[in-house]
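Notes follow the structure.
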Protein chains: 2
Amino acid sequence: MKLIYQGKTKDIYQVDDLLCLKFKDDVTGTDGKFDPGANSVGLSIEGIGALNLIMSSYFFEKLNDLNLHTHFVSANLDEHTMTVKPMKVFGKGLEVITRYKATGSFMRRYGAYATEGQDLNGYVEVTLKDDERQDPLITSAGLATLNIMSLEQYQTLEQLNLKIAELIRQDLLTKGLTLYDVKLEFGYHPDEPSQIVLIDEISGGNMRVYKENQLLSPTELAAFYH
Amino acid sequence: MKLIYQGKTKDIYQVDDLLCLKFKDDVTGTDGKFDPGANSVGLSIEGIGALNLIMSSYFFEKLNDLNLHTHFVSANLDEHTMTVKPMKVFGKGLEVITRYKATGSFMRRYGAYATEGQDLNGYVEVTLKDDERQDPLITSAGLATLNIMSLEQYQTLEQLNLKIAELIRQDLLTKGLTLYDVKLEFGYHPDEPSQIVLIDEISGGNMRVYKENQLLSPTELAAFYH
C-alpha cells in the first residue's frame with residue numbers, strides 16, 4: 001500500500017489498480033466546532049472515521065444496487081478503509097451542494113433574500129475546491145468556459161446528483177430526520193468522460209441533518225446508521 | 001422634479017410618469033482608483049457625469065433603433081440628465097456581467113484556473129447588488145429559487161444581454177479598442193414581466209476597455225465618444 005495523498009479527513013493509498021481510502025478521526029470545522037462547509041480540520045472526534053465509513057458503505061451499497069454510478073467497491077470496517085475504483089476529478093476537484101433548507105454559506109451569500117431554514121426544494125450549486133479562494137461558487141457556464149466540465153457532463157451530473165441527494169433525504173426521513181443540505185463529490189470514468197461517478201464519501205461529515213429543529217453532530221447522526 | 005433616490009453615480013427624480021436620471025461626477029472605485037467592479041464611490045472626476053451621459057445616449061439610441069428594449073427616452077446634455085421609462089428591477093437589483101477577457105472579480109474567484117486577460121468568449125454571470133455581501137454571484141437556478149427571476153425571464157435576459165454586449169464590443173472594436181468586460185443592468189416592464197429591458201447607463205463607468213494593452217480611464221474612453 002503506497003500513500004499517494006493525505007486529505008483533511010482521509011488518506012489515500014494505491015493498491016494495484018484500485019485506491020484505498022483510510023478514514024481518519026478528523027472532521028472539518030471552525031474554532032473546534034463541526035461545520036461541513038468549513039475548509040479546515042476543526043476537531044478530532046474519536047471513532048468518527050469508523051462511523052463515517054459505516055454510514056458511507058450503507059449508502060454506497062444502496063446506490064450500487066440501483067445501478068447509480070459510484071466509485072465504491074468494498075469496505076473493511078476493522079481497518080477503517082474503503083476500496084474504490086480510481087476516477088478522474090473535474091479540474092482540481094469540486095463540490096456539488098444540494099440544499100433543501102437555507103443555512104450556512106447560502107445564507108451568507110443570499111441573506112438579503114432568504115430566511116434561515118426556508119425551503120429550497122433541492123436547489124443545486126457547484127463550488128470549486130480552492131481553500132485559498134474560499135471555495136468559490138461557479139455556474140455551469142463558468143465550468144464550461146474554464147474547460148473544467150462540459151455542459152453535457154454538467155447535465156448528467158445534475159441528474160445523477162439529484163437522484164442521490166433525494167435517496168439520502170428519503171432515507172433520513174424514514175428515521176425522522178430532516179436533511180438541510182448535502183455536499184457530494186463527483187468524478188468521471190478515466191476512459192469514458194461522459195460517465196459521471198459519485199466519489200468521496202456519504203456521511204455526517206458532508207451533510208447537515210436536523211432532528212426536531214436540532215442540528216445533529218456527526219456522531220449523533222452516525223448512531224442512526226450503526 | 002421630486003428626488004426619489006440618491007445613487008452612487010446618479011440621482012433619480014420623478015417627472016410625471018417618467019424618471020429623470022441626473023449624472024454626477026462620481027465614479028466607483030477603491031482607494032481613489034477607478035474600478036467598475038467596486039461597491040463604493042472611489043473618486044470624483046470633473047465632467048465625467050456629462051461624458052458618461054453622452055456615451056450612454058449614443059448606445060441607447062443605437063439600441064432603440066434596433067428595437068432592443070431599453071428604458072431610454074431622451075437626454076439633456078446641458079442638464080446632465082437622461083429621461084427614462086420607469087421599470088421594475090429584479091429583487092433589490094442585479095448586475096449582468098459579460099466577460100470577453102479574464103480580469104477583476106473573475107480572477108479573484110477563478111485564478112486557480114484562469115490567467116489574466118485570457119479569452120472568455122462572452123461568458124455571462126449575474127451578481128446581486130448587495131454591498132454588505134460584496135455583490136454575490138448567483139446562478140439562474142438561485143434566482144428562480146429565491147423568486148428574483150423566473151428561468152424564462154433569465155433566458156430572455158441572457159439573449160438580450162448578449163446582443164447588447166456584442167454591439168458594444170463591436171462598436172469599440174471599430175475604434176481600435178478592446179472590451180474586457182461590461183456590467184449591464186436590466187429590469188422588466190411593470191405591466192409585462194416577460195419584457196426584459198436594459199436600464200441604468202452604458203458608459204466607461206461600467207466597462208473595462210483597453211487600448212493596446214492599456215486600461216483606459218472613464219475619461220479617456222469617453223473622449224472616443226465625444
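In what follows, every chain begins at residue 1, and chains take the letters A, B, ... in the order their sequences are listed. As a basis for the values below, the full set of heavy atoms in this structure was taken, side chains included, without hydrogen atoms, waters or symmetry mates.
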Portion of A/Ile148 that has a non-hydrogen atom of chain B nearer than 4.5 angstrom: side chain
Counting heavy-atom pairs closer than 4.5 Å to chain A, which one of B/Ala102, B/Ala141, B/Ala112, B/Ala114 comes out on top? B/Ala112
Return the CZ to OG1 distance between B/Arg109 and A/Thr127, rounded to the nearest 0.5 Å. 13.0 Å
Quick check on B/Asp65: does its CG atom have over 12 non-hydrogen neighbours (other residues, nucleotides or ligands) under 6.0 Å away? yes
Over all heavy atoms of both residues, which pair between A/Tyr113 and B/Lys92 is shortest? Give the atoms and the distance, please. OH-N, 2.6 Å
Given heavy-atom pairs under 4.5 angstrom as the criterion, report whether the side chain, backbone, both or neither of A/Leu128 touches chain B. side chain
Would the number of heavy atoms belonging to other residues, nucleotides or ligands and lying under 6.0 Å from CD of A/Gln170 be above 12? yes
Heavy-atom contact with chain A under 4.5 Å, split by part of B/Asp130: side chain
A/Arg133 and B/Arg108: which non-hydrogen atoms are nearest, and at how many Å? CD-O, 3.2 Å
Tell me whether the count of non-hydrogen atoms from other residues, nucleotides or ligands lying under 6.0 Å of NZ in A/Lys175 goes above 12. yes
Would you compute the distance between atom OH of B/Tyr123 and atom OG1 of A/Thr139 and round it to the nearest 0.5 angstrom? 4.0 Å
Surrounding CD of B/Glu132 (heavy atoms of other residues, nucleotides or ligands, distance under 6.0 Å), is the total greater than 12? no
Would you find more than 12 non-hydrogen atoms of other residues, nucleotides or ligands less than 6.0 Å from A/Asp131 atom CG? yes
Measure across B/Gln118 and A/Leu146 and return the closest heavy-atom pair with its distance rounded to 0.1 Å. NE2-CD2, 4.1 Å
